Amino acid sequence: MERFYLTTAIPYVNARPHVGHALEFVEADVIARHERSRKKDVYFLSGTDENAIKNLQAAEKEGISVEKFVAQNSGAFEELLKALNVSHDQFIRTTDKKHKAGAQALWRATAKEDLYKKTYRGLYCIGCEQFYESDELNERGECSEHPGKKLETVEEENYFFKLSRYEGWLRELIESDRLKIVPEVRKNEILAFIKKGLKDFSVSRPIQRTHGWGVSVPDEPHQTMYVWYDALANYITALGYPDAGAELFKKYWAKSDVRLHVIGKGISRFHTVYWPAMLKSAGLPIPTVEFVHGYVTTDGQKISKTLGNVIDPSEIIKKYGADPLRYYLLREIPAYTDGDFTFRRLEERYNADLANGLGNFAARVLALGEQVGDMAVARVEREVDEKIKEEKEILKNKLEEFKFHESIGAIWDLIKCGDEMVNDKKPWAIEGREEKAAAVFNLVAILDNVAVMLNPFLPETAAKITESIQWSGDTVRVRKGGLLFPRLK
RNA sequence: CGCGGGGAGGAGCAGCGGUCGCUCAUCUGGCCCAUAACCAGAAGGUCGCCGGUUCGAAUCCGGCCCCCGCAACCA
């Protein structure tokens with residue numbers, strides 16, 4: 001059986017999840033559910049990245065311990081996954097002991113010549129506890145967060161990773177699609193970045209700055225791993241790396257047919273440049289595909305706390321339900337670029353597509369079905385059958401390219417076709433019971449297939465439809481349930 | 001000259017060399033199984049501006065204007 005491993009990125013937990021995180025979770029979930037339905041052996045990982053220095057500062061601001069702080073926020077992410085009905089198999093936290101040990105093992109496995117110590121010298125802001133480049137500062141040479149505070153020139157010794165050594169290899173890897181980056185725009189972006197020349201990057205921080213928060217460098221008690229170095233490792237530590245006997249690691253990393261990372265555009269460099277190089281250095285297989293989605297803006301603006309336009313996805317779910325949010329993210333946000341979220345648009349989509357489209361089609365077919373009672377299972381009309389096959393093919397092909405918005409569109413094309421058929425055949429006016437039942441049967445078949453196609457996208461709704469169509473031997477009976485999506489307002 | 005994306009009817013998008021297409025909203029007609037839903041049809045655009053290539057350009061080339069991202073710890 002073909003093996004398929006996929007992951008979401010593990011978000012930072014210095015704040016609660018916003019609607020953008022929901023986009024990535026839902027997209028990854030659609031892939032996972034779709035591949036499972038195609039009888040692939042799927043393993044789906046999500047989790048949280050908790051070892052960043054910034055968590056220390058954020059926790060301090062709220063006056064709680066950093067452990068408690070990250071646990072709280074990590075919990076919020078896990079709850080969001082649940083509320084969205086995401087079907088992940090594991091949720092990893094990078095503060096897990098297992099993960100930390102795994103990250104250290106990856107460090108140890110890294111080729112000796114790739115890790116070296118170097119002195120770093122830069123402008124350091126005591127307030128922010130971070131380095132700044134001179135062009136990031138204002139005219140007086142101060143950071144925007146702490147005006148009036150002079151930056152200090154600080155010198156520290158860090159470990160560096162010899163990324164430069166992998167320049168040619170990475171370029172070939174990506175150009176040849178052995179590591180496939182979707183969409184093309186992102187592939188080109190990364191190639192342009194590589195062609196400019198790769199610099200070695202710092203992979204550790206002195207413990208004075210991290211206060212011991214994070215994963216310590218093996219045999220170097222005074223150094224903490226750079227948070228990205230440990231974070232990226234989550235994709236394999238979750239599977240049991242480095243334990244040689246770890247079944248999951250063998251199955252879903254070492255010998256998997258597909259290793260897919262679903263990530264946002266802001267972190268593509270880490271995933272398509274650093275991460276493959278780190279794995280290569282440690283002699284491990286690299287990912288096969290990386291899908292880079294765009295960002296969700298709200299009212300056309302970038303989501304940011306300072307703008308105060310952060311939308312809490314759990315609020316949307318509470319008000320409209322999980323499937324309507326899933327639908328909006330998948331249909332309204334173009335898969336390859338940024339998309340906008342507004343409540344107005346959500347309500348428009350809800351009424352037009354979910355209530356009037358899907359919901360109403362289901363209601364009229366089920367009502368007709370209930371009228372005729374038991375229907376004989378027969379071959380569906382050729383025309384209908386072909387239409388169903390055609391739309392299923394479109395759905396599958398578009399999904400393989402991660403074009404969620406176009407993929408889900410195929411289902412609505414089928415619904416449209418079903419609606420036309422109802423108007424055209426007028427089953428309610430057919431006199432003979434047999435003829436009437438036969439006409440309705442074709443409509444039920446369409447609805448049934450709509451449910452199957454809908455399953456990866458709107459699992460709750462798909463299940464409701466499936467429940468109301470009862471197949472038993474050579475007859476099928478239909479039970480009209482409540483409204484799938486009551487119209488708003 | 002830092003890199004990239006984009007400017008299309010009221011809104012959002014597909015098209016990327018051959019009569020501007022789709023969805024939503026609007027109007028008219030049909031239907032009455034259905035959630036004032038569904039079906040058919042209509043109206044609405046000089047495809048950012050200027051110039052060029054071409055028999056022919058939203059589509060290719062050059063210039064300009066305007067938005068928006070990224071620029072090595074943002075999904």
Side-chain angles (χ1 to χ4, degrees), chain A residues 8-12 14-15 17-28 46 49 51-54 77 130-131 133 135-136 163 185-186 188-189 192-193 196 198-199 201-202 205 226-229 231 262-270 273-274 292-297 300-305 331-334 336-340 342 344-345 348-349 351-372 405-406 409 412-413 415-416 418-430 436 439-440 443 480 482-488:
Chain A
T8 67
I10 49 172
Y12 271 115
N14 61 351
H18 55 63
V19 68
H21 295 107
L23 172 72
E24 179 168 308
F25 293 158
V26 169
E27 287 180 339
S46 191
D49 174 9
N51 295 325
I53 305 174
K54 277 186 179 162
F77 279 93
Q130 73 170 49
F131 284 95
E133 294 293 327
D135 60 357
E136 290 176 299
L163 186 66
V185 203
R186 306 266 93 104
N188 295 340
E189 248 174 40
F193 172 66
K196 274 197 295 190
L198 295 176
K199 289 196 196 113
F201 69 105
S202 158
R205 301 286 183 266
Y226 172 48
V227 67
W228 267 106
Y229 200 92
V262 177
I263 57 174
K265 65 178 183 180
I267 56 174
S268 61
R269 283 179 191 175
F270 297 99
V273 178
Y274 292 27
V292 187
H293 60 75
Y295 281 169
V296 179
T297 56
Q301 284 183 307
K302 188 179 165 174
I303 295 175
S304 91
K305 277 200 281 188
R331 182 68 187 264
E332 183 74 11
I333 311 288
Y336 289 2
T337 59
D338 293 353
D340 199 36
T342 65
R344 192 182 66 100
R345 198 72 190 133
E348 272 176 19
R349 277 290 186 189
N351 275 339
D353 298 350
L354 297 178
N356 299 352
L358 172 62
N360 182 59
F361 178 66
R364 64 200 304 215
V365 170
L366 294 176
L368 286 165
E370 228 175 39
Q371 274 179 32
V372 292
H405 59 306
E406 291 184 35
W412 265 259
D413 285 344
I415 292 170
K416 169 98 178 152
D419 267 327
E420 280 169 28
M421 206 170 140
V422 180
N423 282 52
D424 188 43
K425 298 234 159 142
K426 304 186 185 357
W428 59 89
I430 298 177
K436 189 171 177 175
V440 175
L443 295 170
K480 196 171 139 186
L483 291 181
L484 252 28
F485 301 100
R487 264 184 78 89
L488 299 170

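Keep in mind that this is a model prediction, so the values were computed, not measured.
Separating the P atom of B/G62 from that of B/C24 is a span of 39 Å, rounded to the nearest Å. Using atom C1' as the reference point in both B/C49 and B/C13, the two lie 23 Å apart (nearest Å). To the nearest whole angstrom, the two P atoms, one in B/C64 and one in B/G4, are 15 Å apart.
For the residue pair A/Thr297 / A/Asp340, a side-chain donor-acceptor distance below 3.5 Å is found, with atom types taken as modelled.
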Give me, pair by pair, the N or O atoms of the protein and of nucleotides 40-42 of chain B that are less than 3.5 Å apart, along with how far apart they are.
{"residue": "B/A40", "atom": "OP2", "partner": "A/Lys416", "partner atom": "NZ", "Å": "3.2"}

Distances under 3.5 Å between protein N/O atoms and the N/O atoms of nucleotides 8-12 of chain B, please, pair by pair.
none

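Between A/His293 atom NE2 and B/G69 atom C1' there is a gap of 15 Å when expressed in whole angstrom units.
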**Request:** Return one dot-bracket line describing RNA chain B 5' to 3' (Watson-Crick or G-U wobble pairs, both distances under 3.5 Å; ( ) same strand, [ ] crossing, | another strand, . none).
**Result:** .((((((..((((....[..)))).(((((.......))))).....(((((..]....))))))))))).....
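For residues 351-366 of chain A, the pairs satisfying salt bridge (Lys or Arg N to Asp or Glu O under 4.0 Å) are A/Arg349-A/Asp353, A/Arg364-A/Asp419, with sequence neighbours left out.
Partners of A/Phe361 according to the ring-ring contact (aromatic ring centres under 6.0 Å, His included) rule, which considers only residues two or more places apart in sequence or in another chain, do not exist here. A/Lys426 pairs by the side chain to side chain contact (heavy atoms under 4.5 Å, CB included) definition with A/Trp428, A/Ala429, not counting sequence neighbours.
Residue-to-nucleotide contacts include a donor-acceptor pair under 3.5 Å from the side chain of A/Tyr12 to the base of B/C73. For B/C39, the base has no donor-acceptor partner in the side chain of A/Asp419 [N/O atoms by modelled type, under 3.5 angstrom].
Looking only at distances, no side-chain donor or acceptor of A/Asn360 sits under 3.5 Å from a matching main-chain atom of A/Ala355.
Backbone-only contact: A/Ala352 has heavy atoms under 4.0 Å from sugar-phosphate atoms and none from a base.
Taking side-chain N and O atoms only, A/Tyr295 has no distance below 4.0 Å to OP1 or OP2 of B/G69. Using a 4.0 Å cut-off, some side-chain N or O of A/Arg487 falls inside it from OP1 or OP2 of B/A37.
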